[in-house]
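As the structure is a computational prediction, the values presented were derived from the model and not from experiment.
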Amino acid sequence: MLKFRQYLEEKLIMYGRGKRYGQIVFLAGGAGSGKGFAISNFMEREKFKIRDVDEWKKAFQTLADTKGIYPEIQGLKLSNPKDVYKLHTFVRNKGIKDKTLDLLLQDSNTNRLPNIMFDITMKDANDIGDVLPKLIEAGYDSKNIHLTWVLTNYAVAIVNNRNRERVVPEDIML
């Protein structure tokens with residue numbers, strides 16, 4: 001009988017040696033890549049304000065379905081990729097990413113800037129390039145701005161995507 005031994009090493013990622021202030025992380029990876037899993041299991045989540053557009057999508061959908069506002073997104077089924085894309089477009093057009101970042105930074109003390117983690121796909125370099133000037137202007141030091149890629153085999157990501165609550169269209173994943 002053959003026995004296989006596999007070594008698995010897990011590490012805690014500590015940005016800026018675990019500092020509680022002044023760190024920026026761009027966590028990039030496609031849909032179904034495991035960014036949320038990485039945040040929960042390998043990073044000091046409690047030290048960061050996490051900016052995840054998916055959470056905003058959930059909030060807008062909840063408002064639409066429970067409060068009767070935003071009729072254009074009421075009743076969307078996130079298991080339907082076309083509805084997911086419609087919700088994505090709705091949130092993007094609201095300009096929430098810029099507005100919430102402006103609010104987060106407006107009264108920040110340069111000595112105690114909050115740690116911020118951007119959960120992004122990075123389908124476009126502008127995902128980072130658009131916000132960097134605001135971050136630098138607010139007082140973040142470029143040496144404390146980090147990019148972490150979460151890579152998953154494409155076939156695995158497709159399966160992960162199909163088996164989660166919010167299904168992204170496969171052509172978008174590619």
Side-chain angles (χ1 to χ4, degrees), residues 1-19 23-65 73 75-94 96-98 100-101 104 114-132 135 144-174:
M1 174 179 0
L2 291 174
K3 289 187 179 182
F4 293 96
R5 196 179 282 186
Q6 183 177 6
Y7 177 71
L8 176 63
E9 184 174 332
E10 296 181 359
K11 293 194 177 203
L12 177 64
I13 300 171
M14 299 176 68
Y15 298 98
R17 296 186 178 143
K19 290 183 181 173
Q23 303 299 305
I24 297 292
V25 174
F26 291 98
L27 185 66
S33 64
K35 294 183 304 288
F37 181 84
I39 290 169
S40 296
N41 294 283
F42 305 121
M43 299 173 183
E44 297 179 294
R45 174 188 191 107
E46 68 282 355
K47 292 183 179 177
F48 287 86
K49 296 194 179 293
I50 299 174
R51 299 179 46 78
D52 182 354
V53 71
D54 293 336
E55 293 302 317
W56 298 328
K57 290 173 185 176
K58 287 179 192 174
F60 274 107
Q61 190 175 31
T62 298
L63 286 171
D65 292 342
I73 61 167
L76 294 180
K77 302 290 181 226
L78 297 185
S79 57
N80 177 345
K82 289 181 181 179
D83 283 357
V84 169
Y85 183 74
K86 186 175 184 178
L87 183 58
H88 173 78
T89 302
F90 171 84
V91 171
R92 183 187 65 218
N93 292 341
K94 286 282 183 199
I96 296 302
K97 286 178 15 176
D98 289 334
T100 57
L101 183 59
L104 181 61
N115 286 349
I116 305 173
M117 185 176 294
F118 294 82
D119 179 334
I120 60 175
T121 61
M122 194 150 163
K123 63 188 172 300
D124 183 339
N126 290 334
D127 287 352
I128 293 176
D130 289 347
V131 299
L132 274 178
L135 298 170
N144 294 324
I145 299 176
H146 315 275
L147 172 62
T148 301
W149 285 96
V150 177
L151 301 175
T152 300
N153 178 294
Y154 180 69
V156 172
I158 288 289
V159 171
N160 290 346
N161 181 54
R162 288 180 185 156
N163 293 316
R164 63 187 193 157
E165 184 179 313
R166 186 181 54 83
V167 180
V168 174
E170 290 182 9
D171 62 319
I172 299 293
M173 289 188 63
L174 184 60

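Judged as a side-chain contact (heavy atoms from CB on, under 4.5 Å), and not counting sequence neighbours, the contacts of Ile50 are Ile39, Arg45, Phe48, Asp52, Met117. A search for side-chain hydrogen bond (donor to acceptor under 3.5 Å, both in side chains) contacts involving Glu44 returns Lys47, not counting sequence neighbours. By the salt bridge (Lys or Arg N to Asp or Glu O under 4.0 Å) test, Asp127 is found to be paired with no residue, residues two or more places apart in sequence or in another chain being considered. Every residue meeting the salt bridge (Lys or Arg N to Asp or Glu O under 4.0 Å) condition with Asp54, not counting sequence neighbours, appears here in chain and number order: Lys57, Arg166. Lys58 meets the salt bridge (Lys or Arg N to Asp or Glu O under 4.0 Å) test with Glu55; sequence neighbours excluded. When the ring pair (Phe, Tyr, Trp, His ring centres under 6.0 Å) test is applied to Phe26, the partners found at least two apart in sequence or on another chain are Phe118. For Lys86, the side-chain contact (heavy atoms from CB on, under 4.5 Å) criterion is met by Leu76, not counting sequence neighbours. Partners of Ile13 by side-chain contact (heavy atoms from CB on, under 4.5 Å), not counting sequence neighbours, listed by chain and number: Tyr15, Met43. In terms of the side-chain contact (heavy atoms from CB on, under 4.5 Å) criterion, residue partners of Val156 (sequence neighbours excluded) are, by chain and number, Thr152, Asn153, Asn160. In this view, Phe37 and Phe42 satisfy the ring pair (Phe, Tyr, Trp, His ring centres under 6.0 Å) rule, not counting sequence neighbours. For Thr100, the side-chain hydrogen bond (donor to acceptor under 3.5 Å, both in side chains) test picks out Arg51, with sequence neighbours left out.
To the nearest 0.5 Å, the span separating CZ on Arg92 from CH2 on Trp56 amounts to 14.0 Å. Annotation: the span from Ile116 atom CD1 to Gln23 atom CD amounts to 11.0 Å, rounded to 0.5 Å. The line from CD1 of Ile24 to CG of Asn144 is 9.0 Å long, rounded to the nearest 0.5 Å. In this structure, the separation between CG on Asn115 and CD on Glu46 is 10.5 Å, given to the nearest 0.5 Å.
Looking at Asp65, its side chain does come within 3.5 Å of a backbone N or O of Gly75 through a donor-acceptor pair. Looking only at distances, no side-chain donor or acceptor of Lys35 sits under 3.5 Å from a matching main-chain atom of Asp119.
Using a 4.5 Å cut-off on side-chain heavy atoms (C-beta onward), Ile120 and Ile128 make contact. Contact of the Lys97 side chain with the Asp130 side chain is not registered, since no non-hydrogen atoms from C-beta on lie closer than 4.5 Å.
Sorted by first and then second residue, the salt bridge (charged side-chain N to carboxylate O under 4.0 Å, His left out) pairs involving residues 144-162 (not counting sequence neighbours) are Arg162-Glu170.
Between Ala28 and Thr121, the closest heavy-atom pair is CB-O, 4.4 Å.
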